[in-house]
Amino acid sequence: MIDRQALRRDFEVMQAALARRGQHVVDEESAWAKVAKLDARQRELKTESETLQAERNRVSKLIGQKKGAGLDASAEMAAMGDVARKSKELDTQARDAEAAFSAALLEIPNPLHDSVPDGTSEDDNVEISRWGTPRLDAVPPHWDIGVDLGILDFEAGATLAGSRFTVMKGAAARMERALMQFMLDLHADKHGYEEVWVPAIANSKTMTGTGQLPKFADDLYKLEGEDAYLIPTAEVPVTNLYQDKILNASELPKRHCAYTPCFRREAGSAGRDERGIIRQHQFDKVELVHITTPERVLSDLEELTAHAEAVLQALELPYRKVELCCADVGFSSQKTYDLEVWLPSQNCYREISSCSSFGQFQGRRAGIRYREEGGKPQPAATLNGSGLAIGRCLVAVLENGWQSDGSVLIPQVLQPYMGGMQRITPR
RNA sequence: GGAAGGGUGGCAGAGCGGCCGAAUGCACCGGUCUUGAAAACCGGCGAUGGGAAACCAUCCGUGGGUUCAAAUCCCACCCCUUCCGCCA
């Protein structure tokens with residue numbers, strides 16, 4: 001959510017920052033066009049309503065005093081009847097205006113940080129760095145590797161739940177679990193994160209706090225007859241751990257890592273990545289979340305991204321880091337780095353982590369605030385990043401570790417988590 | 001699901017039609033005392049919106065109602081705690 005004062009004070013500047021996301025964000029149909037108008041109307045009505053309320057409060061007090069002194073106050077009481085009625089009416093109007101304003105405000109994306117590169121599509125994302133040496137020999141796709149080894153069962157997933165669901169068996173199931181454990185241990189023990197375990201269901205207020213609602217309801221699984229949704233990422237519950245809280249500046253930054261399952265309807269993704277486990281309705285992910293101050297949010301983003309990179313390096317998976325251009329940065333984010341892992345079967349890098357700074361956008365929405373010593377509360381800054389997506393990580397391990405005899409070498413750091421297994425061989 | 005109790009400021013906890021944005025304690029900030037700290041004592045200390053400011057308005061789980069006036073009365077809903085039932 002953008003700052004209401006800034007909306008009035010820096011209207012042009014914010015409009016320009018928003019327009020970089022695409023003209024539709026600020027054209028005449030947009031929430032942006034509505035919001036300024038609604039802001040003015042709301043304040044007008046509110047001022048009017050408050051004037052009447054002040055009058056009512058003043059006279060009511062007088063009545064109280066008169067009655068207390070045993071005096072007659074029936075004249076005042078009669079006069080206030082009218083005022084009370086009018087005041088109530090105006091108050092209702094002011095509230096409606098406020099609701100309309102808030103609704104429009106929630107539809108406005110985060111203005112981009114100045115450092116975000118220009119561009120018109122994901123093709124304009126900027127490569128920042130590369131790590132490792134990609135293998136360039138012919139490697140079969142992970143779905144063939146997995147089926148040949150008898151550890152991925154797509155038919156069973158489809159039978160049980162539908163398309164984009166998979167059953168993992170034996171070494172794959174074990175590796176899924178090993179990856180979670182390894183990542184959590186790394187972040188908790190080496191990177192100083194506090195591990196949390198949170199619900200995989202969140203209510204609409206929580207979903208609104210991090211920006212999934214109201215705009216992206218179609219991407220979420222909603223539970224029938226309840227104000228409850230399956231989370232699309234641990235970002236939602238973990239960030240909202242601090243919703244409506246005022247933290248002391250001395251407590252910041254807060255750093256949490258969490259494993260959760262993630263659920264996404266993939267409404268707009270028909271036809272993309274249909275085979276394999278790259279794009280599933282349910283997948284596992286370890287997430288990193290920081291709650292911090294606006295001053296250090298950008299340096300925190302570098303750190304957080306490095307923590308995610310450390311996972312790929314430990315697993316010896318070649319990857320690159322790209323910065324998303326202004327056309328590709330998500331709704332709530334002000335700046336995003338993606339980590340893309342090398343998939344030899346596709347001969348390209350594929351997203352395995354997305355690390356974003358949200359500035360104070362989520363802090364305002366979710367009511368996450370902090371206070372400097374003796375100062376006023378202000379919205380906290382938030383960040384998060386995948387550290388990493390487990391399923392995609394498993395894909396990368398299968399493909400990058402594949403041997404021409406059909407077996408798969410298991411990265412060394414994972415072996416202790418897999419009972420000492422060094423290699424997956426066909427059964 | 002049934003019964004009972006309860007949701008008040010950063011936390012704990014009083015208030016139960018007007019003098020209540022709200023006692024008190026803790027925490028926090030400033031001061032006195034002290035070589036320093038602690039203790040003690042004195043003072044300050046909620047949030048949001050509007051306003052240059054004075055100040056005004058709103059907020060006691062949420063939404064409605066009664067009243068000139070609601071934290072306080074009425075209705076509905078949500079949540080929490082305990083007991084019972086059920087259950088991984």
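First the proteins, then the strands, lettered A, B, ... as listed; each starts at 1.
Across all strands shown, A/R85 has no heavy atoms under 4.0 Å from either base or sugar-phosphate atoms. Counting any heavy atom pair closer than 4.0 Å across all strands shown, A/E251 reaches no nucleic acid atom. Residue A/R4 is out of contact with every strand shown, counting any heavy-atom pair closer than 4.0 Å. Among the protein residues, A/M77 comes within range of the nucleic acid bases, having at least one heavy atom under 4.0 Å from a base atom. A/R8 comes within contact range of the sugar-phosphate backbone alone, with a heavy-atom separation under 4.0 Å but no base atom that close.
Protein atom CD of A/Q42 is 11 Å distant from nucleotide atom P of B/G51, rounded to whole Å. Protein atom CZ of A/R95 is 16 Å distant from nucleotide atom P of B/A57, rounded to whole Å. The nearest whole Å value for the distance from the CG atom in A/D3 to the P atom in B/U48 is 12 Å. In this structure, the OH atom of A/Y370 is 17 Å from the C1' atom of B/G10, given to the nearest Å. In this entry the distance linking NZ of A/K46 with C1' of B/G51 reads 13 Å, nearest Å. In this structure, A/R41 atom CZ and B/G50 atom P are separated by 17 Å, rounded to whole Å. Distance, A/D72 CG to B/C68 P: 14 Å, rounded to whole Å. For the pair A/D91 CG and B/G49 P, the interatomic distance rounds to 18 Å; values are reported in whole Å.
For A/R56 and A/T47, each mapped to the nucleotide of RNA chain B holding its nearest heavy atom, the one lying further toward the 5' end belongs to A/T47. Nearest-nucleotide mapping onto RNA chain B: of A/R369 and A/E55, the residue sitting toward the 5' end is A/R369.
With a 3.5 Å ceiling on both atom-pair distances, B/A23 lacks any Watson-Crick or G-U wobble partner. The base-pairing partner of B/C73, taking Watson-Crick or G-U wobble contacts with both distances under 3.5 Å, is B/G65. The base-pairing partner of B/U34, taking Watson-Crick or G-U wobble contacts with both distances under 3.5 Å, does not exist among the strands shown. Nucleotide B/G46 has B/C59 as its partner under the Watson-Crick or G-U criteria, with both atom distances under 3.5 Å. Remark: B/A54 base-pairs with no nucleotide in the shown strands. Criterion, Watson-Crick or G-U wobble with two distances under 3.5 Å. If you check B/C83 for Watson-Crick or wobble pairing at under 3.5 angstrom, you find it paired to B/G2.
Closest to the A/M80 side chain, of the nucleotides B/G51, B/A47, B/C68, is B/C68. The side chain of A/P377 lies closest to B/A47, out of B/C56, B/A47, B/A69. Listed nucleotides: B/A57, B/U48, B/A69. Nearest to the side chain of A/A54: B/A57. Distance from the side chain of A/I246 is smallest for B/G10 among the nucleotides B/C68, B/G10, B/C56.
The separation of B/C73 from B/G15, taken at their C1' atoms, amounts to 15 Å, rounded to a whole angstrom. Going from the P atom of B/A71 to that of B/A57 covers 14 Å, rounded to whole Å. Going from the C1' atom of B/C84 to that of B/C75 covers 28 Å, rounded to whole Å. Taking atom C1' on both B/U34 and B/C41, the two are 13 Å apart, rounded to the nearest angstrom. Distance noted for atom C1' between B/A22 and B/U58: 15 Å (whole Å). Rounded to whole Å, the C1' atom of B/G1 lies 49 Å from the corresponding atom of B/G50. Separating the P atom of B/G49 from that of B/U82 is a span of 37 Å, rounded to the nearest Å. Nucleotides B/G18 and B/U72 have their P atoms positioned 11 Å apart, rounded to a whole Å.
Minimum heavy-atom separation, A/L38 to A/A100: CD1-O, 3.6 Å. Shown here for A/I278 and A/R350, the closest heavy-atom pair between the two residues is CG2-NH2, 3.9 Å.
Within the 4.0 Å cut-off from OP1 or OP2 of B/A57, at least one side-chain nitrogen or oxygen of A/N57 is found. Between A/R371 and the phosphate of B/A47, there is a side-chain N or O to OP1/OP2 separation shorter than 4.0 Å. Residue A/Q5 places at least one side-chain N or O closer than 4.0 Å to OP1 or OP2 of B/G50. For A/Q53, a side-chain nitrogen or oxygen approaches OP1 or OP2 of B/U58 to under 4.0 Å. Proximity of A/R43 to the phosphate of B/G51: a side-chain N or O atom is located under 4.0 Å from OP1 or OP2.
Between A/D39 and A/R8 there is a salt bridge, since a side-chain N of the basic residue sits under 4.0 Å from a carboxylate O of the acidic one. A salt bridge does not link A/K335 to A/D114: none of the charged side-chain nitrogens sits closer than 4.0 Å to a carboxylate oxygen. A/K321 and A/E302 are joined by a salt bridge, as a carboxylate oxygen and a charged side-chain nitrogen come within less than 4.0 angstrom of each other.
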* Give the intermediate values and the outcome of salt bridge (charged side-chain N to carboxylate O under 4.0 Å, His left out) for residues A/D91 and A/R95. => CA-CA 6 Å; A/D91 185 53; A/R95 276 164 187 259; 3.1 Å; yes

* Would you please test A/S332 and A/Q362 for side chain to side chain donor-acceptor pair (under 3.5 Å) and show each step? => CA-CA 7 Å; A/S332 298; A/Q362 291 181 329; 4.8 Å; no

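The side chain to side chain contact (heavy atoms under 4.5 Å, CB included) with A/L304 is formed by just one residue from the set A/S357, A/S299, A/C355; it is A/C355.
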